[in-house]
Amino acid sequence: MAFLTVIQEHFWGFFRATGLTLQLTAVSLALAVVIGLLFAFLKLSNNRVANVVADAYIGLTRGLPLIVQLMFLYFGISSIVVLSSFWAGSLALAFHAGGYVAEIFRGAIQNIDRGQTEAARSLGMSPRKAMRLIVLPQAFRRAIPSLGNQFIIGLKDSTLVAYLGVPELFSNAMTAAAANYKPFETYLVAGMYYLVLVVIFTWMVNKLEVRLTPHRQEATR
Amino acid sequence: MSVIDIKGLHKHFGDLHVLKGIDLTVESGEVVVIIGPSGSGKSTLLRCLNFLEYPDEGSVKVNGEIIDPATSDLDKVRRHMGMVFQHFQLFPHKNVLHNVTIAPVNVLGLSQKKANAVARNLLAKVGLPDKEKAWPSQLSGGQKQRVAIARALAMDPDIMLFDEVTSALDPELVNEVLQVMQEMAAGGMTMVAVTHEMGFAREVADRVIMMADGLIIEEGTPKQVFEAPREERTRTFLSQIL
C-alpha cells in the first residue's frame, strides 16, 4: 500500500520536522501572549492614544490575511535586520496571533465583576495590585478555553511559514510529495501528525483548566 | 474625635442628581445606621465615604484630614476603612485564609505567618475557625459574608462600612451576620451601616439616619426615629417596611 510506504519513508523525517513546528508554535504563542496582554491593557486604558494604537494593531492583524502579514513582515523585517527565516516566521505568527490574544484577554478582564476590583481597592490595594492579585488571575483562568482554541489555530497557522523556507512539517510534506508523486498519501500522513498534535494539545489545555480552577473543582465534589 | 466629617456632599451620575447636599459626622465608636427607600442615595453616600465614588462637591474629612481625590493618597485612606458589600465579593481564586490575608500581606507588608495568625484569630471571632482551607464557592451566603467581615477587619480599620450586607442572604442566614456586627459594635468599632434590618438598627444603632431623594430628611436615636418620626416620609417608609 502506497500509504504505508509513505509512512515508512517519511516517518522520521516528518517526526523531526514536527519538532520545528512545535518550536515555531511555542515561540510564537509565548510572544503572542505577551503582545496580547500588552495590547489588551492599551485597549482597556483610559488613554485615547493607547486605545487608537490598540485598535489599529488589532484591526491590522485581524483584517489582513496571515500569508500577507507573513510575507510583509518577513521581507520587511529582513530588509532592516538580518533574521533567520525561523525567527522571522515566529515573529510574524506572534504578531498575527497577538491581535486575537489581545481581544481574548480584554474580554476576560472586562468580564470580571467590577465588584472584585472595588473589594480589592476598598482593602487599600493600588489599581496595579488589584489588577495583578485579583483581576488577572481570574481573567487568565477564564481565558484558558479561548486561549487554547487560539493556540490550536496558531499551530495550524504555522504551516504557512513553509512559504518562508522554514523546513517545518508542512514544508517537508510539500517537498516529499513533489519527489514521490504521491501527494494524497503524503498529505494524509502530514495531516495525521497535525491531528495528533491538536488532540494532545487539547488534552493539555483541559488539564490546565482543571488544575488552575481549584475552587470550581472542589465545589462540585 | 470624629472619624468622618462631611459637609455639603453632592454626587451626580450623568443627569441624575443622587446626593443633594449631605452633612454627616460620625464620632469614634459610634454606630450609625442609614435607612431609606431604594434610590434614595444610601449606598452612594457610603461609597463616597471611602471614595469608591468621588464626590462632585463638598468636603470629606477622615480622621480630621480633608481628603481630595485628586491629590490625596486614597489607597492609604481606604486602608483605615473596611467595607463589606451586599454581594460579598470574596476572591474566588483564593481560599478563605488567603482572602483574609491577601491585603495585610500585600498592602501592609505583614509576613504571611503573622497575617495567618491575625486571620485565624478573626475567623474564630466570626465563628468560622474551621473554614480556613475552604474555597468561597463552598460556603453559604452567611459564611461568605462573615469571611468578608474578617477580611475587612484584618486591615485593622478605624471604621467599618456595611452596604446592605444581609440583603442577598436567605432569611435564616441573616442573624449569624447581624450577630457578628453586633459583637463588633459592642467592642467599640465605629460603624456606618446601610440596612433594611430595623431590628438591628433599633438594638445596635446609636443614631439612625433616614434618607430620601438624596437628602438626610431625619436623624436621631432609634427610639426617636422609630417611635416618634417627625417626617411624614419616614412614617410612610417605616409603615411599609415594618
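Keep in mind the model is a prediction, meaning the values are calculated, not measured.
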Asker: B:Arg47 versus chain A, heavy atoms under 4.5 Å apart: side chain, backbone, both or neither?
Answerer: side chain
Asker: Please determine whether side chain to side chain contact (heavy atoms under 4.5 Å, CB included) holds for the pair B:Asp75 and A:Arg121, giving the CA-CA distance in whole Å, both sets of side-chain angles, and the decisive distance to 0.1 Å.
Answerer: CA-CA 7 Å; B:Asp75 298 334; A:Arg121 299 300 306 278; 3.2 Å; yes
Asker: Under a 4.5 Å heavy-atom cut-off, does chain A meet the side chain of B:Phe91, its backbone, both or neither?
Answerer: both
Asker: Report, as yes or no, whether the 6.0 Å neighbourhood of atom CD on A:Gln23 holds more than 12 heavy atoms from other residues, nucleotides or ligands.
Answerer: yes
Asker: CD1/A:Ile134 to CD1/B:Ile102 distance, rounded to the nearest 0.5 angstrom?
Answerer: 4.0 Å
Asker: Against chain A, label B:Asn106 side chain, backbone, both or neither, depending on which of its atoms sit under 4.5 Å from a heavy atom there.
Answerer: both
Asker: Around atom CZ of B:Phe13, are there more than 12 heavy atoms from other residues, nucleotides or ligands closer than 6.0 Å?
Answerer: yes
Asker: Find the distance between OG (A:Ser122) and CE (B:Met155) and round it off to the nearest 0.5 Å.
Answerer: 9.0 Å
Asker: Just checking heavy atoms, which of residues 201-208 of chain A are less than 4.5 Å from chain B?
Answerer: none
Asker: Would you say that more than 12 heavy atoms from the other residues, nucleotides or ligands in this model lie under 6.0 Å from the CZ of A:Phe140, or not?
Answerer: no
Asker: Would you compute the distance between atom CZ of B:Arg78 and atom OG of A:Ser126 and round it to the nearest 0.5 angstrom?
Answerer: 10.5 Å
Asker: Heavy-atom count around A:Phe11 CZ within 6.0 Å, excluding the residue itself: above 12?
Answerer: yes
Asker: I want to check something: taking the side chain as every heavy atom from C-beta on, are B:Pro92 and A:Gln116 in contact at a cut-off of under 4.5 Å?
Answerer: yes
Asker: Look at atom OH of A:Tyr163 and say whether more than 12 heavy atoms of other residues, nucleotides or ligands are closer to it than 6.0 Å.
Answerer: no
Asker: Would you give the length of the straight line joining atom CD of B:Gln89 to atom CG of A:Asp113, rounded to the nearest 0.5 angstrom?
Answerer: 4.5 Å
Asker: Got a sec: does the CD of A:Gln110 have more than 12 other heavy atoms crowding it under 6.0 Å?
Answerer: yes
Asker: How far apart are the closest heavy atoms of A:Leu123 and B:Ala103, and which atoms are they?
Answerer: CB-CB, 3.7 Å
Asker: Return the option, out of B:Leu90, B:Leu74, B:Val77, B:Asn95, with the maximum number of heavy-atom pairs under 4.5 Å with chain A.
Answerer: B:Leu90
Asker: So, the side chain of B:His93 versus the backbone of A:Leu133: is there a donor-acceptor pair under 3.5 Å, distance only?
Answerer: yes
